[in-house]
Amino acid sequence: MNKRWKPSVTVAAIIAREGRYLLIEEHTPEGLRLNNPAGHLDPGESPEDGCAREAFEETTFTFKPTEMVGIYMSRLLRPAREGYAAEDVTYLRLAYCGDLGEQVVGAKLDKGIVRTLWMTPEEIRTNAHRLRSPLVLRCMEDHLAGQRFPLGLIYTDPSVLSATKG
């Protein structure tokens with residue numbers, strides 16, 4: 001039997017303001033961890049729309065991606081634990097920077113998100129042991145280095161956005 005390997009596609013918002021980066025603190029199986037506002041790309045949405053959605057759900061701020069920071073891969077090997085099987089997941093992360101809008105009054109943080117916080121690059125480096133993924137630090141470093149690509153680097157065909165599932 002041939003089983004095709006498929007990475008799990010995620011989108012991440014790399015949001016900087018006044019020398020600090022907006023991160024979220026969230027519950028994970030490994031405890032409280034820091035992450036970029038990020039999550040899985042949903043069926044029927046473009047990566048840019050998915051990034052804006054995830055940023056809003058995890059921060060309650062509107063966000064408009066304007067450039068890509070990079071495309072990344074990482075692998076999570078999580079041992080089995082009581083009641084849960086071992087996991088081996090490869091993530092393909094599409095990271096965007098852009099314009100942070102207003103915080104939406106009355107909006108609630110997504111389930112599992114404890115809080116948002118602004119951290120300096122040095123604070124993030126010092127807390128590397130608390131990062132959900134090594135990609136959090138890598139994306140920040142690439143952003144600081146000025147790495148940017150046009151949004152058109154990834155094309156979303158209209159068939160993806162169709163309400164009809166194929």
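Follow the hydrophobic side-chain contacts under 4.5 Å out from Leu135 and you reach Ile124 in the same cluster. In the hydrophobic clustering of this structure, Leu144 groups with Met119; members are Ile, Leu, Val, Met, Phe, Trp, Tyr whose side-chain heavy atoms approach within less than 4.5 Å, directly or through other members. Connection of Leu92 to Trp5 is established within a shared hydrophobic cluster, with ILVMFWY side chains joined at heavy-atom distances below 4.5 Å, either directly or through further cluster members. A single hydrophobic cluster is not seen to contain both Ile154 and Val160; linkage of ILVMFWY side chains at heavy-atom distances under 4.5 Å, directly or through other members, places them apart. Neither Leu131 nor Tyr91 shares a network with the other; the hydrophobic side chains, linked directly or stepwise wherever heavy atoms of I, L, V, M, F, W or Y lie under 4.5 Å apart, form separate groups for each.
For Tyr21, the ring pair (Phe, Tyr, Trp, His ring centres under 6.0 Å) partners two or more places apart in sequence, or in a different chain, are His143.
Atom CZ in Arg33 sits 11.0 Å away from atom CG in Asn127 (nearest 0.5 Å). To the nearest 0.5 Å, atoms CG (Asp49) and CG (Asp42) are separated by 11.0 Å. The SG atom of Cys139 sits 12.0 Å away from the OH atom of Tyr96 when rounded to the nearest 0.5 Å. Expressed to the nearest 0.5 Å, how far OG1 of Thr59 lies from CD of Gln103 amounts to 7.5 Å. Annotation: the span from Ile113 atom CD1 to Glu58 atom CD amounts to 4.0 Å, rounded to 0.5 Å. With rounding to the nearest 0.5 angstrom, the CG atom of Leu76 is 9.0 Å from the OG1 atom of Thr90.
The two residues Thr66 and Gly98 make their nearest non-hydrogen contact at OG1-CA, 3.2 Å. Here the closest heavy-atom approach between residue Phe56 and residue Thr62 is recorded as CD1-N, 4.3 Å. Between Thr120 and Arg20 the shortest heavy-atom distance is CG2-NH1, 3.4 Å. Closest of all the heavy-atom pairs between Cys51 and Ala12 is SG-O, 3.4 Å. Nearest heavy atoms, Gly70 versus Gln147: CA-NE2, 4.1 Å. Nearest heavy atom pair, residue Ala95 against residue Ile14, reads CB-CG1, 4.0 Å.
A cation-pi contact links Arg81 to Tyr84, judged by a cut-off of 6.0 Å to the six-membered ring centre and 45° from its axis.
By the 4.5 Å heavy-atom criterion applied to side chains, Pro47 and Thr156 are counted as neighbours. The closest side-chain heavy-atom distance from Leu23 to Asn36 is below 4.5 Å. The shortest distance between side-chain heavy atoms of Tyr72 and Asp142 falls below 4.5 Å. Between Glu123 and Trp118 there is no side-chain heavy-atom pair separated by less than 4.5 Å. Side chains of Ser74 and Arg93 form no contact here, defined as non-hydrogen atoms less than 4.5 Å apart. A heavy-atom distance below 4.5 Å is not found between the side chains of Val136 and Leu34. At a threshold of 4.5 Å between non-hydrogen side-chain atoms, the residues Ile71 and Phe149 do not count as touching.
With hydrogens and angles disregarded, no donor-acceptor distance shorter than 3.5 Å links the side chain of Glu54 to the backbone of Pro37. When atom types are taken as modelled, the side chain of Asp157 and the backbone of Ser159 share a donor-acceptor pair closer than 3.5 angstrom.
Applying the salt bridge (charged side-chain N to carboxylate O under 4.0 Å, His left out) test to residues at least two apart or on different chains, the pairs with a partner in residues 99-117 are Glu25-Arg115.
Residue Arg138 qualifies as open at atom CZ: its count of foreign heavy atoms under 6.0 Å is 12 or below.
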